[in-house]
Amino acid sequence: QQQQQQQQDEHAGKGQGQQQQQQQSVLALTAAASSTPSSSSSSSFSARVLQQLQQPLTSTDAALAATGSLAGFASGMLGIGGGTVVTPLLALATGAPQQVVLGTSLIAMVLPSMIGLAQHQRLGNVDWRMAAALAVGTSVGSYAGSNFALEAPPGVLEALFAAGMLLLGRRTLAAAGKAVPKAAQ
């Protein structure tokens, strides 16, 4: 199957644009992934990722890039981003199901988190002991929470997210109100 695809690529490659060659490469990867039973899981994952990344850009991509810029700025400045910025804006911009919004938000914030971490580490603002304990707890919680999210009925995740954001917003404003009089003194 791969040899046939390679022969087709050689014959079709002359005179065709780069986009068509990329599409054929994705098809070849997809075919190879589905024909290898021992590594089909990781290969099909790689093929799906490649296929999605090679889609033509759309107007939604500009909105997503703007969302990412806002989230990156918020992440670097305030230590927030994925849950408080990307998740709601991604849901509004794409209309994707909440489970897709959550998964996409999580992966999108990996690199900005690493960049922010590097900056704060350089400034000496990282308590590694506290971070290790938090990492253990958040790993366990993330596993349980993602399993819940996958099984949650429609509307439940959105309602829980909204309630959580309202509670955090209320507490943040209350703490800010207490800090303002102290700063004025």
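Bear in mind the structure is a predicted one, so any value in this text is a computation, not a measurement.
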For residues Val86 and Leu102: do they belong to one hydrophobic cluster (side chain heavy atoms under 4.5 Å, members Ile, Leu, Val, Met, Phe, Trp, Tyr)?
no
Return the minimal non-hydrogen interatomic distance between Val85 and Ala74, and the atom names on each side.
CG2-CB, 4.0 Å
Let me confirm one number: the CD-CE distance from Gln119 to Met114, rounded to the nearest 0.5 Å.
13.5 Å
Does the side chain of Leu90 come within less than 4.5 Å of Val100's, by heavy atoms?
no
Donor-acceptor pair, Asn147 side chain versus Ala144 backbone, under 3.5 Å?
no
Rounded to the nearest 0.5 Å, what separates atom OG1 in Thr84 from atom CG in Leu168?
9.0 Å
Under 6.0 Å from the CG atom of Leu167, do we count more than 12 heavy atoms belonging to anything else shown?
yes
Measuring from atom OG of Ser43 to atom CG of Leu50, what distance do you get when rounded to the nearest 0.5 angstrom?
11.0 Å
Has Ser105 got a side-chain atom pairing as donor or acceptor with Val101's backbone, closer than 3.5 angstrom?
no
Looking at Ala149 and Gln99, what are the two nearest heavy atoms and their distance?
O-NE2, 3.1 Å
Is a donor from one side chain sitting under 3.5 angstrom from an acceptor on the other, for Arg48 and Gln51?
no
Run the side-chain donor-acceptor check on residues 124-135: report pairs under 3.5 Å with partners two or more places apart or on a different chain.
{"from": "Asn125", "atom 1": "ND2", "to": "His120", "atom 2": "ND1", "distance (Å)": "3.3"}
{"from": "Asp127", "atom 1": "OD1", "to": "Arg129", "atom 2": "N", "distance (Å)": "3.2"}
{"from": "Asp127", "atom 1": "OD1", "to": "Met130", "atom 2": "N", "distance (Å)": "3.0"}
{"from": "Trp128", "atom 1": "NE1", "to": "Gln121", "atom 2": "OE1", "distance (Å)": "2.8"}

Atom pairs and distances, donor-acceptor, side-chain atoms in residues 154-165, under 3.5 Å, two or more places apart:
{"from": "Glu158", "atom 1": "OE1", "to": "Gly155", "atom 2": "N", "distance (Å)": "3.3"}

Any chance you could measure Thr87, atom OG1, to Leu106, atom CG, to the nearest 0.5 Å?
7.0 Å
